[in-house]
Amino acid sequence: MRDDVSPAQFAFPPITPALEARMNIHQSFLANIRATIAELGTDGILPADLDTSKISAEPPREAGHGDISTNAAMVLAKSAKMQPRDIAEHLAARLGALDTVTEVKVAGPGFINLTLAAHKWRGILADILNTGTAYGDSDFGGGAKVNVEYVSANPTGPLHVAHARGAVIGDALAKLMAKAGFDVTTEYYINDAGAQVEALARSAHLRYREALGEDIGEIPEGLYPGDYMIPVGAALAAEYGDAFKEADEASWLTLFRDFAIERMMDTVKADLSALGIEQDVFTSERDLVDAGAVEDMFSSLDQKGLIYTGVLEPPKGKKLEDWEPRPQTLFKASEFGDDVDRPLKKSDGSWTYFANDIANHYDKFKRGFPIMVDIFGADHGGYVKRMKAAVTAISGGAADLDVKLCQMVHLKKDGKPLRMSKRAGNFVTLRELIDEAGRDVVRFIMLTRKQDSQMEFDLDKVLEQTRDNPVFYVQYAHARCRSVLRNAAELFDDDELTLAALAGADMTSLDDPAEMELIKQMASWPRLIDSAAEAREPHRVAYYLHDLAECFHGLWNKGKDDARLRFIHEDDKVRTLARLALVQSVATVISSGLKVFGVTPVEELR
RNA sequence: GCGCCCGUAGCUCAGUUGGAUAGAGCACCUGAUUCCUAAUCAGGGGGUCGUGAGUUCGAAUCUCGCCGGGCGCGCCA
């Protein structure tokens with residue numbers, strides 16, 4: 001595949017001022033490097049039309065290696081048939097002549113390390129202040145339509161902690177991708193068509209009889225025993241009196257089911273709302289089925305020749321006493337990377353959950369989403385391959401499904417693990433978690449770990465106001481910024497402290513390494529957004545914010561030793577305004593990051 | 001038995017998609033407050049990146065085999 005790519009495809013557009021304005025500092029430098037390589041090609045020093053697509057321009061891991069490091073020479077060495085160091089020397093000579101570059105060094109196997117002029121960095125502050133929390137927005141996604149489906153919990157009870165992580169990750173991922181230039185729709189798929197919602201209906205009927213004065217005793221196995229069903233029964237009793245008390249199940253099942261589902265979805269939505277989540281679209285599995293979406297899906301797969309009747313092998317190693325070979329209606333999932341073919345119909349002829357879910361994804365595809373992301377719990381890991389296979393098949397390869405599995409969260413309190421078990425009746429609801437820890441804390445902490453690794457949620461620690469608690473640490477940095485700006489308001493008129501006014505401040509007095517480091521940290525925010533959105537890993541934002549806060553706290557404390565670094569200088573307005581621009585920028589970037597998380601930045605911590 | 005995920009400091013976890021001497025917090029040790037919030041900061045000790053091979057200029061990262069943990073495995077959703 002890679003072999004038939006012609007060099008012409010590696011051409012990058014010329015850099016116009018308009019284009020440069022939309023690029024972050026590393027992208028724009030990468031463009032400079034490519035242009036220089038093209039020049040060297042024209043001048044016959046390097047072969048023409050080299051593939052520059054794999055070249056990167058990144059901040060080096062080591063601070064001593066300058067501001068921007070590129071691997072260009074090493075990447076080109078093979079196709080140019082030259083030594084990396086030689087290419088590096090040629091490149092370095094030309095890059096060093098740029099007026100934004102103050103120092104250039106060739107190091108190691110052929111890295112080119114560039115140091116940029118201070119004015120280039122200071123210019124970032126004006127960008128930040130002029131853009132506000134939109135700083136970091138990019139067109140990386142190119143407006144591509146993306147559907148992010150998350151939570152999608154069964155409408156049979158309130159959400160519990162296990163849902164919290166997926167909810168927060170899905171929501172933050174959606175916001176992250178929107179910031180990176182995708183056209184994002186958030187969605188909840190309501191599983192309201194299976195046997196479990198009938199069990200819900202029966203549970204509601206029991207509670208209804210209870211509300212009418214009957215002693216219902218123990219809730220039978222298989223029904224939902226939770227107290228949250230009591231008000232549902234009461235509401236049914238108020239609505240219908242004793243009309244269905246002794247009636248045949250057939251007369252009330254549908255009615256009670258729909259009533260209970262609606263009530264459950266109301267509580268689910270209220271729970272999500274308490275977390276600050278409001279999804280764009282709620283799709284009902286039952287509505288899809290009623291609209292014939294499953295038949296559509298089925299005939300589409302059938303036309304592609306992907307449906308057949310067959311008998312599956314019994315799974316090895318797992319004991320199934322009641323196993324007997326049966327012919328089933330199967331989808332050829334194994335042609336698309338799944339391990340075996342998967343049944344679409346049950347033996348009674350009704351559709352499987354999987355069949356309905358294919359219809360759900362087919363429907364999303366037809367609504368115009370070539371990119372779909374599903375957030376699932378880790379217990380659905382075995383379902384991923386077949387769903388991805390189905391999306392590939394049903395869309396003819398035109399749609400891509402990415403499934404993010406969220407590992408479990410272990411709650412801890414008083415130093416002890418809080419075991420959750422529905423059976424024991426002590427499971428923690430999402431609402432209880434929010435009441436205990438607070439919305440912002442729950443959201444932030446859930447985003448401090450990669451989604452596919454298990455995490456610990458220590459209810460005591462997350463409420464501590466110490467460095468150990470990343471939420472606090474980041475919020476504290478923001479609060480400190482606001483505190484400085486409040487104090488400054490006593491020395492300046494309001495119109496001197498607007499974002500626009502600060503953007504126009506004379507920044508030349510910002511020259512200390514600690515100040516420059518802070519600016520460089522903020523300069524990498526757009527880059528972080530793109531890479532986090534590409535990897536679809538919102539947790540990277542949490543680490544970025546922690547690093548930014550650390551950088552700021554460090555500068556703050558240096559002001560204790562070195563009065564020059566203090567932000568407010570009553571006798572020097574120009575100096576002060578430059579630092580206020582810096583402080584306001586930090587507050588803005590932190591706000592921008594917290595916005596991705598749906599967390600509110602605080603003015604002060606008391 | 002098979003598939004997927006994970007394995008990094010005593011603990012909880014990062015690691016910019018293959019880059020330079022592997023990082024942060026907690027815990028432990030040392031220091032900083034007449035000062036914009038010390039709820040903070042500066043410094044120190046602490047590692048066979050589970051393990052063995054392979055791929056290449058270069059591997060915690062990619063491939064394969066083991067070891068250990070989690071999840072799943074026909075008509076549950």
Side-chain angles (χ1 to χ4, degrees), chain A residues 56 58-62 64-65 69 71 74 77-78 83-84 107-111 113 154 156 191 193-197 285 311-318 320 322-326 328-330 338-354 356-357 377-385 405 407-408 448-450 452-456 458 461 464-470 472-473 476-477 479-480 483-488 524 527-528 531-532 534-535 539-540 542-544 546-547 550 553-561 563 566-568 579 583 604-606:
Chain A
S56 64
E58 298 178 340
R61 205 168 285 189
E62 292 284 322
H65 290 150
S69 178
N71 61 359
M74 291 173 303
K78 206 168 201 174
Q83 292 297 317
F111 288 103
N113 297 327
N154 297 332
T156 55
N191 303 138
Q196 63 194 339
V197 286
E285 179 182 8
V311 180
L312 290 174
E313 294 284 312
K316 295 190 172 68
K318 194 200 176 196
L320 286 174
D322 59 344
W323 173 270
E324 46 183 288
R326 280 198 195 96
Q328 292 178 291
T329 303
L330 299 170
D338 200 357
D339 308 313
V340 291
D341 295 335
R342 303 290 179 177
L344 296 185
K345 283 186 181 176
K346 304 179 193 173
S347 54
D348 67 357
S350 64
W351 299 109
T352 58
Y353 177 84
F354 178 48
N356 290 354
D357 207 8
D379 53 341
H380 289 74
Y383 186 71
V384 174
K385 275 190 180 180
L405 293 178
Q407 281 291 343
M408 288 200 284
T448 53
R449 297 288 178 257
K450 203 160 50 184
D452 57 5
S453 49
Q454 297 181 19
M455 70 176 289
E456 198 170 89
D458 188 324
K461 270 193 176 163
E464 278 175 14
Q465 299 199 329
T466 68
R467 182 167 188 164
D468 193 17
N469 177 356
F472 165 77
Y473 189 71
Y476 186 37
R480 276 182 153 175
S483 163
V484 170
L485 292 161
R486 279 193 300 273
N487 288 332
S524 65
R527 197 180 121 78
L528 182 108
S531 64
E534 185 179 17
H539 76 277
R540 294 188 189 194
Y543 283 88
Y544 173 84
H546 185 273
D547 290 347
E550 183 174 46
H553 286 311
L555 178 60
W556 180 289
N557 271 70
K558 275 193 174 166
K560 292 177 189 303
D561 298 331
R566 295 172 66 97
F567 301 124
I568 295 174
R579 273 149 195 81
V583 169
E604 56 180 344
L605 290 155
R606 289 258 181 229

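All chains are named by letter (A, B, ...) in the order of the sequence lines, taking the proteins before the strands, and each is independently numbered beginning at 1.
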Stacking check A:His380 vs B:rG72 (5.5 Å / 30 deg): no
Under 4.0 Å between any heavy atoms, over every strand shown, what does A:Pro343 touch: base, sugar-phosphate, or nothing? Just pick one. sugar-phosphate
B:rA24: pairing nucleotide in any strand, Watson-Crick or G-U under 3.5 angstrom: B:rU12
In terms of side-chain heavy atoms of A:Glu604, which of B:rA77, B:rC36, B:rU37 is nearest? B:rU37
What does A:Glu313 touch in the nucleic acid at a heavy-atom separation under 4.0 angstrom: a base, only the sugar-phosphate, or nothing? nothing
Applying the 3.5 Å cut-off to both distances, the Watson-Crick or G-U partner of B:rU17 turns out to be none
Looking across every strand, which nucleic acid part, if any, lies under 4.0 Å from A:Ala535 by heavy atom: base, sugar-phosphate, or nothing? base
Categorize A:Ala488 for me: base, sugar-phosphate, or nothing, with a 4.0 angstrom heavy-atom threshold over every strand shown. nothing
Considering every strand and a 4.0 Å limit on heavy-atom distances, what is the contact class for A:Glu324: base, sugar-phosphate, or nothing? base
At 4.0 Å (heavy atoms only), tell me whether A:Lys558 reaches a base, stays on the sugar-phosphate, or touches nothing. nothing
Report which part of the nucleic acid A:Ser69 touches: base, sugar-phosphate, or nothing (heavy-atom distance under 4.0 Å, all strands). base
For A:Phe472, which contact category applies under a 4.0 Å heavy-atom criterion: base, sugar-phosphate, or nothing? base
Do the ring planes of A:Tyr476 and A:Phe472 sit parallel (below 30°), tilted (30 to 60°) or perpendicular (above 60°)? parallel
Sugar-phosphate, base or nothing in reach of A:Asn113, heavy atoms under 4.0 Å: base
Between the base of B:rA77 and the side chain of A:Thr352, is one N or O donor paired with an acceptor at under 3.5 angstrom? no
A:Lys385 side chain, from C-beta outward: closest of B:rC41, B:rG3, B:rA14: B:rG3
Between A:Met74 and A:Phe111, what is the shortest heavy-atom contact and its length? CE-CE2, 3.6 Å
With respect to the side chain of A:Asp339, which nucleotide from B:rG3, B:rC36, B:rU16 is positioned closest? B:rG3
State the pairing partner of B:rA42; accept Watson-Crick or G-U wobble contacts with both distances under 3.5 Å, and report none otherwise. B:rU30
Could you identify the nucleotide paired to B:rG58, looking across every strand shown and requiring Watson-Crick or G-U wobble geometry with both distances under 3.5 Å? none
Those residues that, when tested against A:Asp458, pass side-chain hydrogen bond (donor to acceptor under 3.5 Å, both in side chains) (two or more places apart): none
A:Pro60 side chain, from C-beta outward: closest of B:rC71, B:rU17, B:rA20: B:rA20
Indicate, with a heavy-atom threshold strictly under 4.0 Å, whether A:Phe111 touches base, sugar-phosphate, or nothing. base
Please tell me which of the listed nucleotides, B:rU37, B:rA20, B:rG72, lies nearest to the side chain of A:Arg480? B:rU37
When we call it a touch if two heavy atoms are under 4.0 Å apart, what does A:Arg342 touch: a base, just sugar-phosphate, or nothing? nothing
Base, sugar-phosphate alone, or nothing: which one does A:His546 contact when heavy atoms must sit under 4.0 Å apart? sugar-phosphate
